[in-house]
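Single-structure report; data block below.
For reference, positions follow the sequence shown, starting with 1.
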Amino acid sequence: MGDVIGRRAFLKTLLGSAAALTALGSYAFGVEPAFRLAVRRYAPALPRWPEDLPLTMTIIADPHAGEPHMSRARLEEVVEAANALGSDLILLLGDYEASHPFVTRPVPVRDCAAVFRNLRAPLGVHAILGNHDWWDDRDAQRNRRGPIRARRAFEAVGIPVLENDAVRIEKDGRPFWLLGLGDQLALRGRPMVGVDDLEGTLSRVTDDAPAILLAHEPDIFPAVPDRIALTLSGHTHGGQVRVFGYSPMVPSRFGNRYAYGHVEEEGRHLIVSGGLGTSILPIRFGVPPEITHVTLGAPRPG
């Protein structure tokens, strides 16, 4: 009798565990990536950013647009939510199309650009490119050079793309620099070859105004000098699965070191957005799709 009860208890436990795993899998595939949209806010105190220069930035990273999770309608919801934040700047950090095998209907990058042309910010909308933007362009991979179709699509709708380039912007008469790095994994092969030129990008800064660097992959961060007040990155999706602050798989040679969130090293600062979409596997758990909002400087009184 005891053996029978033991077997029944074991089967109940097994079935219960299977049901729980099924429920978690359904949530990770069907709910979190498709229906949730968080706003993750940061207000870091930066030694290289003036306290009396307030600046707000909305960051959209890694949409990987394509159904079932990131349809054109979903992108339009993201644009509406981003505009509602009322930031000074809106920054797009790359990887605009989905190319994993689970895409049920693609959203071409030209459609993604057409939606993002409705983004509004007083100091403009600026973009960089990601590894998938390069990988998905067969001509660029064959010719081993750009400009790639994603760049052409965004520039066609009036959104400037920074590739190893910098732009000087003024807020209330105060200047700062926005730098965009070329992608570090742009050309497939063994090894991958980047089109990034950090030294050349930094050389475009011609005065001592504070500077912000956009770099799709965070792996460049150890090489970024403290001349840069803040580095903003995406690429990792926060690991897509994140439990108790740990991601089992992170597409970075540094693992969890730069997986997600605000990182400070030797007085230098990095923020890694969890982004919106998915890659490789169409799941998210513990790191819902997010728009990232960053506030720099102190708000002015009154």
Side-chain angles (χ1 to χ4, degrees), residues 61-66 92-103 109 127-154 161-166 179-204 213-225 227-228 231-242 246-261 263 265-266 268 270-275 277-283 287:
D62 304 283
H64 289 283
L92 310 176
L93 297 190
D95 278 5
Y96 302 107
E97 284 184 275
S99 55
H100 57 71
F102 299 93
V103 173
V109 70
I128 60 171
L129 302 172
N131 57 305
H132 283 277
D133 303 317
W134 277 88
W135 294 356
D136 294 344
D137 189 324
R138 294 181 180 179
D139 289 340
Q141 292 299 310
R142 181 174 59 253
N143 298 327
R144 312 297 281 178
R145 60 184 173 85
I148 63 173
R149 66 185 183 190
R151 176 169 186 163
R152 297 195 299 269
F154 279 94
V161 176
L162 299 173
E163 268 191 297
N164 301 318
D165 206 351
L179 290 69
L181 190 68
D183 190 72
Q184 300 158 60
L185 302 170
L187 300 173
R188 285 183 145 166
R190 294 182 180 273
M192 298 281 188
V193 177
V195 294
D196 56 304
D197 180 2
L198 180 60
E199 183 177 352
T201 304
L202 293 169
S203 72
R204 294 184 175 273
L213 174 67
L214 312 181
H216 178 70
E217 297 92 356
D219 288 26
I220 194 69
F221 186 59
V224 175
R227 168 69 181 85
I228 299 298
T231 301
L232 297 172
S233 294
H235 181 64
T236 65
H237 309 178
Q240 288 189 195
V241 174
R242 192 165 178 83
Y246 176 80
S247 302
M249 295 184 65
V250 181
S252 164
R253 69 179 185 272
F254 295 101
N256 272 265
R257 180 174 167 184
Y258 304 137
Y260 181 64
V263 179
E265 291 184 352
E266 299 177 351
R268 298 172 304 113
L270 164 72
I271 291 176
V272 182
S273 172
T278 61
S279 182
I280 303 177
L281 292 176
I283 60 171
V287 55

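Between the CG atom in D62 and the OG atom in S279 there is a gap of 8.5 Å [rounded to 0.5 Å]. Here the CG-CG distance, from D196 to D183, works out to 7.5 Å after rounding to the nearest 0.5 Å. Atom CD of residue Q240 and atom OG1 of residue T278 lie 5.5 Å apart, to the nearest 0.5 angstrom. In this structure, CD1 in I271 is found 10.0 Å from OG1 in T231, a value given to the nearest 0.5 Å.
Taking each heavy atom of Y260 and V287 in turn, the nearest pair found is CE1-CG2, 4.3 Å. Of all the heavy atoms in H132 and S99, the pair that sits closest is ND1-OG, 3.5 Å. Residue I280 comes nearest to F102 through the heavy atom pair O-CE1, 3.6 Å, listed as atom of the first residue, atom of the second, then distance. In terms of heavy atoms, L181 sits closest to A215 at CD2-CB, 4.1 Å. Closest approach of S247 and G238 over heavy atoms only: OG-O, 2.7 Å. Residues V161 and R151 share a closest heavy-atom pair of O-NH2, 3.8 Å.
Residues meeting the salt bridge (Lys or Arg N to Asp or Glu O under 4.0 Å) test with R253, sequence neighbours left out: D219. Remark: D197 pairs with N164, E199 by the side chain to side chain contact (heavy atoms under 4.5 Å, CB included) rule, at least two apart or across chains.
Of the possible donor and acceptor atoms, none in the side chain of N131 sits under 3.5 Å from a partner among the backbone N and O of D95. The closest donor-acceptor contact from the side chain of H216 to the backbone of L93 lies under 3.5 Å. In this structure a side-chain-to-backbone donor-acceptor pair under 3.5 Å is present from H235 to P251. At least one donor-acceptor pair closer than 3.5 Å links the side chain of D133 to the backbone N or O of Y96. For the pair Q184 (side chain) and G194 (backbone), a donor-acceptor distance under 3.5 Å is absent.
Contact annotation: the side chain of V263 never approaches that of R257 to less than 4.5 Å [non-hydrogen atoms, C-beta and beyond]. Side-chain contact between L213 and R227: absent, with no pair of heavy atoms (C-beta onward) separated by less than 4.5 Å.
Tested against Y258 for a side-chain contact (heavy atoms from CB on, under 4.5 Å), the candidates V250, I220, L270 yield a single pass: L270.
Shown here is M249, whose CE atom has no more than 12 heavy atoms of other residues, nucleotides or ligands within 6.0 Å.
Taking the ring centroids of F254 and F221, they lie at or beyond the 6.0 Å cut-off.
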Just distance, no hydrogens or angles: give the donor-acceptor pairs under 3.5 Å from side chains in residues 140-150, sequence neighbours left out.
residue	atom	partner	partner atom	Å
Q141	OE1	R188	N	2.9
Q141	NE2	W134	O	3.0
Q141	NE2	A186	O	2.8
R142	NH2	D139	OD1	2.4
N143	ND2	D139	O	3.1
R144	NH1	R188	O	2.9
R144	NH2	R188	O	3.4
R149	NH2	E97	OE1	3.1
R149	NH2	D136	O	3.1

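Ring planes of H237 and H64: perpendicular class, angle over 60° (limits at 30 and 60°).
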message: Applying side chain to side chain contact (heavy atoms under 4.5 Å, CB included) to L179 and I228, what does each step give before you reach the verdict?
response: CA-CA 9 Å; L179 290 69; I228 299 298; 4.2 Å; yes
